[in-house]
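Lettering of chains follows the sequences in order, A, B, ..., and the numbering in each one begins at 1.
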Protein chains: 2
Amino acid sequence: MSSTPMSRKEQIDQVATSLFKSRGFAATTMRDLALELGIEAGSLYSHIKSKEDILQRVCFKMADEFNAAFNEVKNQDVPAGEKLRLAVAAHVRVLTKNPQAAGVFLNEWRHLSEPSLSKFHDMRFQYEESLREIVREGIANGEFKVTDEKFVVLTLLSSLNWLHMWYKPEGKMSPDEIAEFLSNLLLNGLKNF
Amino acid sequence: MSSTPMSRKEQIDQVATSLFKSRGFAATTMRDLALELGIEAGSLYSHIKSKEDILQRVCFKMADEFNAAFNEVKNQDVPAGEKLRLAVAAHVRVLTKNPQAAGVFLNEWRHLSEPSLSKFHDMRFQYEESLREIVREGIANGEFKVTDEKFVVLTLLSSLNWLHMWYKPEGKMSPDEIAEFLSNLLLNGLKNF
DNA sequence: TTAATTTGCTAACAGGCGTTCGCATTAGTA
DNA sequence: TACTAATGCGAACGCCTGTTAGCAAATTAA
């Protein structure tokens, strides 16, 4: 798969991500993590700074990926409906590429301490604002019949962000198929799907 | 408001719910909880059995409320689309009546230990299955154009269950208005809203 | 009044927590 | 070869955790 092997630090991050996802950040101990890696708890500190250090890396790496994926959509010159479709697909792609990290990003960020927490909030707001912008565009040109773009974006993200709970890479739907399904459902509704 | 005053135990549950919601179960200490109530940590145990005892009560009380609300919809003789609308409204009503407890119910249940955890899983599955039944009905009689009822119900619940994150009782939309908005969005989509 | 119940305090327990320290071993590089 | 960096051990630290025990007030019921 990947040509260069993972550094020990990256291994730790990966295993920690898996534990944070399934047990939660607070309920995962450094001794659990060490056990999973076959080493002693103290040994972890040859590679990482602290427990929260790991969480920060996971959260902000995912934030970067979401931003990167969205930026490829942002300035395309297409109708709002189509742009929203592309944004959904981009979001779903990031979400499904690493469901474990996505789960941590979505559920464990609140265990960040300041100033990381504020920075995280800001990035998230920015991302949501960009989506609202698209919806506003669609409302303005008559594509969307809805009026409350805040509510729409919250609902949109809510339905997307549950994905990491049940998505399995070996499942029968590909990320792109999932994205298409969700786009259709949200844009056209159950009745006109 | 309520005629009979809250027992100390109910007070504890309520304050604990608020803390579990905002900080998470694992990150809330009994000393935090006691502080909030103006007593010492040890004093809590004159009223409750254990920390998880509180969590169990909150989770299963909410589960009961969701079931009760849904049961009033279940056997009504209306088209699937209308029944789904009613179910959404019922779900939203429970969610908004006590957003704090709803948040705990939705996010902290995984800290339940066996056998409560299995019982919780079963109840949840049952609830979701009932919703899938409605969607299947709608697919069978041509009301819904969609084919994958599992996916639909997951998306439906996902968008509803984020509500507790931002709903404020003093906000400008009533629970019924929220329910109507969400029903329209999901049934008709952004374009045909 | 007496008796029972509710409510709370203080102190302590046994164990778990994230983290540090000094030292050893291994692997890579020149 | 010798130097350096990566990797790990094991013990210990100071603190925090849920919970218990024994006792004392306060409240309520009879």
Side-chain angles (χ1 to χ4, degrees), chain A residues 2-59 104 107-117, chain B residues 2-59 104 107-117:
Chain A
S2 56
S3 50
T4 48
M6 251 190 290
S7 73
R8 205 66 173 116
K9 185 175 179 180
E10 286 168 325
Q11 280 182 45
I12 293 174
D13 283 358
Q14 184 182 289
V15 175
T17 300
S18 159
L19 290 177
F20 291 172
K21 168 76 194 305
S22 59
R23 310 184 190 178
F25 176 78
T28 301
T29 71
M30 297 306 274
R31 284 166 179 86
D32 286 340
L33 175 53
L35 185 69
E36 204 82 8
L37 286 157
I39 61 176
E40 294 298 314
S43 308
L44 290 166
Y45 290 83
S46 299
H47 308 279
I48 62 161
K49 226 184 80 216
S50 68
K51 189 185 180 188
E52 198 192 314
D53 187 40
I54 305 176
L55 183 63
Q56 283 182 27
R57 241 172 292 129
V58 177
C59 286
V104 174
N107 293 324
E108 308 300 328
W109 55 266
R110 60 173 163 169
H111 294 105
L112 292 170
S113 58
E114 296 295 353
S116 299
L117 187 58
Chain B
S2 55
S3 50
T4 47
M6 253 190 290
S7 73
R8 206 62 172 118
K9 186 175 178 180
E10 288 168 323
Q11 280 182 46
I12 292 174
D13 283 358
Q14 182 180 289
V15 174
T17 299
S18 158
L19 290 177
F20 290 171
K21 166 78 195 304
S22 60
R23 308 183 191 179
F25 175 78
T28 301
T29 71
M30 297 305 274
R31 284 166 178 86
D32 287 339
L33 174 52
L35 185 67
E36 204 80 8
L37 286 156
I39 61 176
E40 295 296 316
S43 309
L44 291 166
Y45 290 83
S46 300
H47 308 278
I48 62 160
K49 226 184 81 217
S50 68
K51 189 185 179 187
E52 197 192 315
D53 188 40
I54 306 177
L55 183 62
Q56 283 182 26
R57 242 172 291 128
V58 177
C59 286
V104 173
N107 293 327
E108 307 300 327
W109 56 266
R110 59 174 164 168
H111 294 104
L112 293 170
S113 59
E114 295 295 353
S116 299
L117 187 57

Given atom [atom1] of [X] and atom [atom2] of [N], what is their separation to the nearest angstrom?
X: Leu35(A); N: dG16(C); atom1: CG; atom2: C1'; value: 15 Å
X: Gln11(A); N: dG8(D); atom1: CD; atom2: C1'; value: 14 Å
X: Leu33(B); N: dT17(D); atom1: CG; atom2: P; value: 12 Å
X: Leu44(B); N: dT17(D); atom1: CG; atom2: P; value: 13 Å
X: Glu40(B); N: dT10(C); atom1: CD; atom2: P; value: 5 Å
X: Ile39(B); N: dA26(D); atom1: CD1; atom2: P; value: 17 Å
X: Lys9(B); N: dG8(C); atom1: NZ; atom2: P; value: 15 Å

Taking the side chain from Gln56(B) and the backbone from Ser116(B), do they hold a donor-acceptor pair closer than 3.5 Å?
->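 No, because the side chain of Gln56(B) does not come within donor-acceptor range (under 3.5 Å) of the backbone of Ser116(B).
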Do Gln14(A) and Glu10(A) have side-chain N/O donor and acceptor atoms under 3.5 Å apart?
->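 Their side chains do not contain a donor-acceptor pair, so the 3.5 Å distance test is not met.
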Please write out each protein N/O paired with an N/O of nucleotides 19-23 of chain D under 3.5 Å, distance rounded to 0.1 Å.
| unit_1 | atom_1 | unit_2 | atom_2 | d |
| --- | --- | --- | --- | --- |
| dT19(D) | OP2 | Tyr45(B) | OH | 2.4 |
| dT19(D) | OP2 | Lys51(B) | N | 2.8 |
| dT19(D) | O5' | Tyr45(B) | OH | 3.3 |

Determine the contact category for Thr28(A): base if any of its heavy atoms lies under 4.0 Å from a base atom, sugar-phosphate if only primed atoms, P, OP1 or OP2 are that close, otherwise nothing.
->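 Sugar-phosphate, backbone atoms only, no base.
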Are OP1 or OP2 of dT6(C) and a side-chain N or O of His47(B) less than 4.0 angstrom apart?
->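 No, because none of the side-chain N or O atoms of His47(B) sits under 4.0 Å from OP1 or OP2 of dT6(C).
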Salt-bridged, Asp53(A) to Arg57(A), with N to O below 4.0 Å?
->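 Yes, this pair counts.
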